[in-house]
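See structure below.
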Amino acid sequence: QEIVEAAIETPVDELAEQRQKEFEFLFVEALKQKMFGNAQKAIQLLSSCLEIDPNSSAAMYELANIHAANNDFTSASLLLEKAISLNPENKWYKQLLAQIYQQTRKFSEAAEIYEQLLQDYPENMEYLYTKAILLANAQKFDEAIATYEVMEKKAGINEQISVAKQQLLVSSGKVDEAFAEIEKLIESNPDEPKYYGLLADLYQSQGDNERALENYNKILEMDPSNGFVHFSLANYYISVGELEKSYDHTKIGFSSENV
C-alpha cells in the first residue's frame, strides 16, 4: 500500500514543483519586461502567471499597476479588490487601490481604504492627513474636521491643520467656529504676522471690511518690510472701490526685496 501511495504522490509533487518554477520564471520575466517598458508583453506574462496560480495576489498587484498606468482603472481596481481579499494585510495593495479610487473621483471609497490602513497603522500621520483630504473632497466636512482634530491631538496646534479646518468650517457654514480656529492659531503664536493675514482674509470674505483692514495694518505694524501684505491690501482696496490706493500698494509690493 505504501508503494502505491508513493507512486501516486510523487508525480503530483513533481508537477506542483514544476508549475511553481514556471510561475516564478514567468513572474520575473514579466517584471523585467515591465521595467523595459514592454507593457503588453508584461501583461501577457502576468496573465499566464494567473493561469498557473489564480490566487496569486502578487501577480494581480503587478498587473493592476500596469493597467493603472494605461488608465484602465476598472481592470486595475477589480484586480486589486481581489488581491486585497486574498491578502488583506498588504498596505501597498490598499494604497494603490485608494490612489485609483481617488483618480476616478471615488473619494468616499478611497477614504474608507485609509480608514482600514489606520486600523493597522494608527500613528501614521500621512494616512490621517490623506484621509482628511479625501473626506473633504467627498464633501463629508464634519468627518474631515474630526480627522484633523485627531491629527491635532497627536501633533499639537499647527498652521496646516488649523487652516484646513478653518476652510472646512467655512464650507460647512460654521463661520464662528472658523474664526475661533484662527484665533486659536494666533494664541499659539501671537508674533506670527501671517496668522493676522488669515484672520483679515476671513473677515473680508464675510464682508467685515473694517476688521479686515485693521488686521492687514496690524501685519504692517509687526513687520514693516512684509511686501506680501501690500498685495492683500491691494485686493482689499479693489473690493471697496479705492483703485488708486490699490495701485499704490501693488507698486509697493512689487518693489519689496522680499517678494
Side-chain angles (χ1 to χ4, degrees), residues 5-140 143-144 147 151:
E5 288 175 356
I8 293 171
E9 288 175 4
T10 302
V12 172
D13 291 342
E14 286 177 0
L15 182 61
E17 187 178 344
Q18 183 181 341
R19 297 289 277 174
Q20 179 61 28
K21 286 180 179 178
E22 185 181 354
F23 176 93
E24 289 171 3
F25 172 80
L26 291 170
F27 188 78
V28 171
E29 188 63 27
L31 296 184
K32 199 187 303 178
Q33 293 299 325
K34 178 186 168 187
M35 185 177 66
F36 292 150
N38 300 327
Q40 203 55 46
K41 183 64 177 174
I43 289 171
Q44 292 171 1
L45 291 163
L46 288 165
S47 299
S48 297
C49 287
L50 287 171
E51 287 176 13
I52 296 169
D53 181 2
N55 291 324
S56 171
S57 58
M60 292 173 196
Y61 172 72
E62 294 297 339
L63 196 51
N65 245 314
I66 298 170
H67 285 314
N70 291 334
N71 294 326
D72 184 355
F73 298 122
T74 301
S75 298
S77 59
L78 288 170
L79 283 162
L80 286 166
E81 285 162 7
K82 186 172 181 183
I84 290 167
S85 71
L86 293 165
N87 191 353
E89 306 301 317
N90 192 301
K91 67 179 181 178
W92 305 110
Y93 299 176
K94 290 179 179 177
Q95 284 179 201
L96 182 57
L97 181 58
Q99 187 181 339
I100 289 167
Y101 283 155
Q102 189 173 358
Q103 287 181 269
T104 53
R105 304 190 66 79
K106 294 181 178 179
F107 298 120
S108 294
E109 290 88 340
E112 176 55 36
I113 294 286
Y114 275 96
E115 177 57 33
Q116 293 173 22
L117 285 165
L118 283 162
Q119 290 172 13
D120 295 328
Y121 306 95
E123 301 303 316
N124 191 309
M125 296 294 283
E126 186 180 343
Y127 288 166
L128 268 173
Y129 184 61
T130 305
K131 179 190 169 187
I133 291 172
L134 290 167
L135 287 167
N137 287 337
Q139 298 193 327
K140 295 183 175 182
E143 290 180 48
T147 304
M151 288 181 68

- [ ] Would you indicate whether the side-chain heavy atoms of Glu81 and Leu78 approach each other to under 4.5 Å?
- [x] yes

TODO: Kindly indicate whether the side chain of Thr74, heavy atoms from C-beta on, has any atom under 4.5 Å from the side chain of His67.
DONE: no

- [ ] With side chain to side chain contact (heavy atoms under 4.5 Å, CB included) as the test, would you mind laying out the steps for Leu117 and Asn124 before giving the verdict?
- [x] CA-CA 9 Å; Leu117 285 165; Asn124 191 309; over 6 Å; no

TODO: With sequence neighbours excluded, give me every ring pair (Phe, Tyr, Trp, His ring centres under 6.0 Å) pair touching residues 96-120.
DONE: Tyr114-Tyr127

Task: Qualifying side chain to side chain donor-acceptor pair (under 3.5 Å) pairs, either residue in residues 39-60, two or more places apart - done: Ser57-Tyr93

- [ ] Decide side chain to side chain contact (heavy atoms under 4.5 Å, CB included) for Leu50 and Leu46; before the verdict, give the C-alpha distance in whole Å, the side-chain angles of both, and the deciding distance to 0.1 Å.
- [x] CA-CA 6 Å; Leu50 287 171; Leu46 288 165; 5.8 Å; no

TODO: Mind listing the closest non-hydrogen atom pair of Ala76 and Ala64 along with its distance?
DONE: CB-O, 3.5 Å

- [ ] Would you indicate whether Gln139, at its atom CD, is surrounded by more than 12 heavy atoms from other residues, nucleotides or ligands within a distance under 6.0 Å?
- [x] no

- [ ] Show the numbers, then the answer: is there a side chain to side chain contact (heavy atoms under 4.5 Å, CB included) between Leu86 and Ile84?
- [x] CA-CA 5 Å; Leu86 293 165; Ile84 290 167; over 6 Å; no

Task: Whether over 12 other heavy atoms sit under 6.0 Å from Lys106 NZ - done: no

TODO: Please check if the side chain of Lys131 supplies one atom and the backbone of Ile113 the other of a donor-acceptor pair under 3.5 Å.
DONE: no

Task: Separation of Asn65 CG from Ile100 CD1 (nearest 0.5 Å) - done: 7.5 Å

Open item on the list: Could you check whether Gln99 and Gln95, counting side-chain N and O atoms only, form a donor-acceptor pair closer than 3.5 Å?
Closed with: no

Task: CA sep, side-chain torsions, deciding dist, call: Arg19, Glu22, salt bridge (Lys or Arg N to Asp or Glu O under 4.0 Å) - done: CA-CA 5 Å; Arg19 297 289 277 174; Glu22 185 181 354; 3.5 Å; yes

Solution key, residues 26-35 side-chain donor-acceptor pairs under 3.5 Å, sequence neighbours excluded:
{"residue": "Glu29", "atom": "OE1", "partner": "Lys32", "partner atom": "NZ", "Å": "3.4"}
{"residue": "Glu29", "atom": "OE2", "partner": "Gln33", "partner atom": "NE2", "Å": "3.1"}
{"residue": "Gln33", "atom": "OE1", "partner": "Asn38", "partner atom": "ND2", "Å": "2.7"}
{"residue": "Lys34", "atom": "NZ", "partner": "Glu62", "partner atom": "OE1", "Å": "2.9"}

Open item on the list: What's the separation between atom OG in Ser108 and atom CG in Leu135, rounded to the nearest 0.5 Å?
Closed with: 7.5 Å

- [ ] Drop me the distance from Leu45's CG to Phe25's CZ, to the nearest 0.5 angstrom.
- [x] 8.0 Å

TODO: Measure the spacing between CD of Glu115 and NZ of Lys94 and express it to the nearest 0.5 Å.
DONE: 11.0 Å

- [ ] Starting at CG of Leu118, measure out to CG of Leu128 and round the result to the nearest 0.5 Å.
- [x] 4.5 Å

Task: Which atom of Ala39 lies closest to which atom of Asn70, heavy atoms considered - done: CB-ND2, 4.4 Å

Open item on the list: Measuring from atom CG of Asp120 to atom CD of Glu89, what distance do you get when rounded to the nearest 0.5 angstrom?
Closed with: 5.5 Å

